[in-house]
Each structure stands twice: as structure tokens, then as C-alpha cells.
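A short write-up of the structure that comes next.
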There are 2 protein chains.
Amino acid sequence: MADRGRPRSFDREEALGRGMELFWLKGFDGASIAELTGAMGIASPSLYAAFGSKEGLFREAVARYLAQEGADIWQAVLTAGSAHAVIERFLMATATAFTLEGRPTGCFVVLSAINAGAASAEVRAELHAWRERNVTGLTQHLARGVAAGEIAADTDLEQVARFYVTVQQGMALQARDGASRAMLEAIAQSALAAWGPLTAGKTVPAGQ
Amino acid sequence: MADRGRPRSFDREEALGRGMELFWLKGFDGASIAELTGAMGIASPSLYAAFGSKEGLFREAVARYLAQEGADIWQAVLTAGSAHAVIERFLMATATAFTLEGRPTGCFVVLSAINAGAASAEVRAELHAWRERNVTGLTQHLARGVAAGEIAADTDLEQVARFYVTVQQGMALQARDGASRAMLEAIAQSALAAWGPLTAGKTVPAGQ
DNA sequence: TTATTTATGTGTCGACCGATCAAGAAAGAA
DNA sequence: TTCTTTCTTGATCGGTCGACACATAAATAA
């Protein structure tokens, strides 16, 4: 990495942050180069010199999002003292992260490249993998709850994890539709009401 | 409506169906006029003569979707014999509708115009209203469950309804991510596990 | 037939898309 | 200073976007 030549006149990290927020708000296709350069305060050749392409910028935006908002959620999960608390913190931290002031609502990973054809197949596969990682991540935490006798041994952990990730994804859409943090927390509490039946064992969770 | 002049050479309803499926699959922005006319088997002037504009076609596609797939779900709900069955049929019919063979997965109303800037503000507001109507619709059905003594009187019905609609919207994303009907049904069953605690009254649903 | 009306196929409009080129500016290396 | 390297600015590339003009074809009305 040469340190010769004219130095960059803008803060790369800050520009990336602005770009991430625009992708977050409008999605990959919805954010045009003209809008991105406007939000980032640079001209397009500078964007291409620094990030290679629109897709390159988007990839870095994904990484940035995961390192920031994503880390907040999993950090909250890590300090949970029980399997139930893992799910509770996962959903509560989600409610907070999806309604931060001054940031787009909902989840970048869920909302920014939904429709086929948006972004490249590679990028969409990458985002898909990150969504699935939420399921595997929660499943691993739940496994410790089984070892601790907190969850019945015959519980389908991945199924439970997938249910709560599905609720989280629904919360992303609710947030994008204007739901407040309090509304998301109420949804989270409703989902947590299923915890007992879901983890109590053989007597199949039946509701009524 | 004049019946003079050269008659239309294509089936308007069938063309609308093809257009609806493309919007469903790729979203409003993602489906270009070129792709639409290709899928519909007509040239662009015919599209504009028959539907006015891309947005006009999209509006009719929304109506068509609601009248078809949407009606299937609410038809299933109408024949439910209890409030619990209302939610169960709502989610089970959703699992079926979101994974029909030969059709796009997930929900047109949820997936086709997510990001800001896609479609016009009017169309997005209209879709938003349809999503909210799911909440009010379920709430009304739940009210009968209270009258029947099936649901505790102090239950926040709209909250319960919103929770299950959130699950449904999460299922739309799971379906778009490749979830099978069986997987969606399992998610639905997990959500139904919350029914007892959610409707049992004062003793707040707490999970653990 | 002739006139009128409507739909179709071909071609194309201005606007915007993502991406670059070329020329000048600002740094270190010699 | 001069050379080399890198970034910035302004202009612009070919392609695609949604939408439409125009001429022609196919129907009814007179």
C-alpha cells in the first residue's frame, strides 16, 4: 500500500457509514450512484477509486452493519444467564436496534436486497447466509439450555431458533412500516409467551 | 365503453396474471417494462393502452393478488369454529399460499414494494394499509372469542393480532429464503404455542 | 364501400443508470 | 526542482429505464 501520491480528501470510514445508511434505507437497487455520492459527499470517481464498484461499496456496508448493529444484538445475547434470557435479549436488543433514532428502521440484512435480481446472486447468497447464521447462532445458545436442564431434551432446538428468527424478521417489516420500539417489544413479549410450551417437552405445544 | 374499433388481440386477464406474477417475484422496481411485456406476451404500447402505466398495471396486480391468494386465506379463516382456529387457519393457509408450486414464494403485499422510493408513495401507502388490514381483520375475529368466553376479557386483542401478523410477515421472508411449506407450518405451530399464555388473562405471559 | 374507431408493431424519445476518461491538483521520492 | 504516484473535478460513455409517436391493421357504423 503506497503512501505516496495525493492523499484522500474525505474520511473513508465516514463516507462508508453514509453509504451504508442509504443502502439500509433504500436497498441495493434503490440507492443510485448519484444518491450515494451525494450522501457520501464525494464524486463518483472517488467512490470507484475507494470501493471499486457499487457492489464493492455494498459489501463493505454489509460488513460495517454487522460489526455495528449486529454486534449490539449478539453482545446482549452473550451476557444472558439462561436460555430464556438469550431469546429475550435477542428480541429486546432487536427492538432497540430496529428503531434507533437517526437511522433507518428495520434490518439492513433483511431489507436491503429482497427481490430477485437486486444485487448480484453472490451478494444475495451472502446476505442469505447471514440470516441463516442467526438461526444457527441461537440454536447453539439453546443447546446450553438443554445441558442445564432448562429445556426438555426432546426439544427441536433449531425449530425454536428458527421461530424466533422469523419473529425477528417480521419485526424488521413492522419497523419499516412504522412500528415503535414499544410496539416491537410487545411483539417480542408475545413471542416469548411461547417459550414455556416450546421447551416443556413431549406434551406437544398445542396452544388451546 | 365503445365496442367499436379493432379488438384487443390478447387476453387482458391472462396478461394481468403474468404481470402480477412478475411483480410478485421481482417487486415494482425490479420488474422492468421490457420484462413485463415479455412475460405478458405483448408490446409496450399495448400495455400502456390497456393499463395506463406501469403503476396502473401494478395497482391492478395488487387487486388481483388480494382477490386470489388473499381471499384463500380469509376464506379459510371464515370457516373456523373458534378464535384459536381462526389464528391456526390464518397461519396454515398462509403456509400454503406462500409456497404454491408454479408461483413466486412469499407474499406480494409484503415483498413487492419494501424499500423507500420503490413505486409511488401512494402505492406504498395502499400496500401498507392492506398489511394493517390483516391486523384489524384478525382483531375482529378475536373479539368473538372474547364474547364466547374463549379469550380472557383483559386480553389486548390488537396486540395478539399484530403478533400473529408479524409472524406471518416473517414467514413471507422465510418463504422467499427458500423455506418449504412444512417449515412454514412448523413456524406457525410454534407461534400457536403462545396462544394459551396470550389469552389466559391477567397472569401475564412470561415464558419461563 | 367509405368513414370512424381502436389496437398493434416499429422505432425512438429524454432521463437516468453504473462506470470511466482525461486533465489538473496535491502529496512523497529523487 | 523535477519525477512519480494518487486523488479530485468535470465531462461523458454505452446501456437501459418508463413512456410514447407514428403508421398500419382490424373491427363496427353509416
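From a predicted model like this one, the values you see are computed outputs, not experimental measurements. A, B, ... follow the sequence lines: proteins, then strands. Residue 1 opens every chain.
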inquiry  = I want to verify a distance call: between D:dC20, D:dA26, D:dC17, whose nearest atom is closest to the B:Ala34 side chain?
reply    = D:dC17
ask   = Whole Å only: how far is the NZ atom of B:Lys54 from the C1' atom of D:dC20?
value = 16 Å
note = From the list B:Phe58, B:Trp130, B:Phe98, ring-ring contact (aromatic ring centres under 6.0 Å, His included) with B:Phe108 holds only for B:Phe58
inquiry  = On the nucleotide D:dC7, are OP1 or OP2 found under 4.0 Å from the side-chain N or O atoms that A:Arg8 carries?
reply    = yes
ask   = Can you tell me how far P of D:dT16 sits from CG of B:Asp29, to the nearest Å?
value = 18 Å
ask   = How long is the line joining CG of A:Leu22 and P of C:dG18, in whole Å?
value = 11 Å
ask   = What class does the angle between the rings of A:Tyr164 and A:Trp195 fall in, given that below 30° is parallel, 30 to 60° is tilted and above 60° is perpendicular?
value = tilted
ask   = With distance as the sole criterion, do the side chain of A:Ser32 and the base of C:dC16 form a donor-acceptor contact below 3.5 Å?
value = no
ask   = Between B:Gly41 and A:Glu35, which is nearer to the 5' end of DNA chain C once each is assigned its nearest nucleotide?
value = B:Gly41
query = Under the 6.0 Å and 45° cation-pi test, does A:Arg12 pair with A:Phe10?
reply = no
task = Name the orientation class of the two ring planes belonging to A:Tyr65 and A:Trp24 (parallel below 30°, tilted from 30 to 60°, perpendicular beyond 60°).
result = perpendicular
inquiry  = Quick check for you: among C:dT6, D:dG10, D:dT6, whose closest atom lies nearest to any side-chain atom of B:Arg6?
reply    = C:dT6
message = Expressed as a whole number of angstroms, how long is the span from A:Leu36:CG to C:dA19:C1'?
response = 13 Å
message = On a heavy-atom basis, which atom in A:Val135 and which in A:Ala161 lie closest, and how many Å separate them?
response = O-CB, 3.5 Å
ask   = Which nucleotide sits closest to the side chain of A:Arg4: C:dA29, D:dA19, C:dG18?
value = C:dA29
message = In whole Å, I'd like the distance from the NZ atom of A:Lys26 to the P atom of C:dG18.
response = 11 Å
message = Whether B:Ser9 contacts C:dT8 is assessed here as follows: a side-chain N or O lying under 4.0 Å from the phosphate OP1 or OP2. Is that the case?
response = yes
request  = Quick one: label A:Pro7 by what it contacts on the DNA or RNA (base, sugar-phosphate, nothing), any heavy atom closer than 4.0 Å.
outcome  = sugar-phosphate
Nearest-nucleotide pick for B:Phe10, side chain only, options being D:dA19, C:dT8, C:dG24 = C:dT8
ask   = Atom CZ of A:Phe58 to atom P of C:dA19: distance rounded to whole Å?
value = 14 Å
query = Has B:Ser46 got a side-chain N or O lying under 4.0 Å from the OP1 or OP2 atom of C:dA7?
reply = no
ask   = How close or far is atom P of D:dC20 from atom CD1 of B:Ile33, stated in whole angstroms?
value = 10 Å
task = When you get a sec, tell me which of C:dT8, D:dG18, D:dC7 is the closest nucleotide to the side chain of B:Tyr48?
result = D:dG18
task = Please report, rounded to the nearest Å, how far the P atom of D:dT9 is from the CE atom of A:Met40.
result = 14 Å
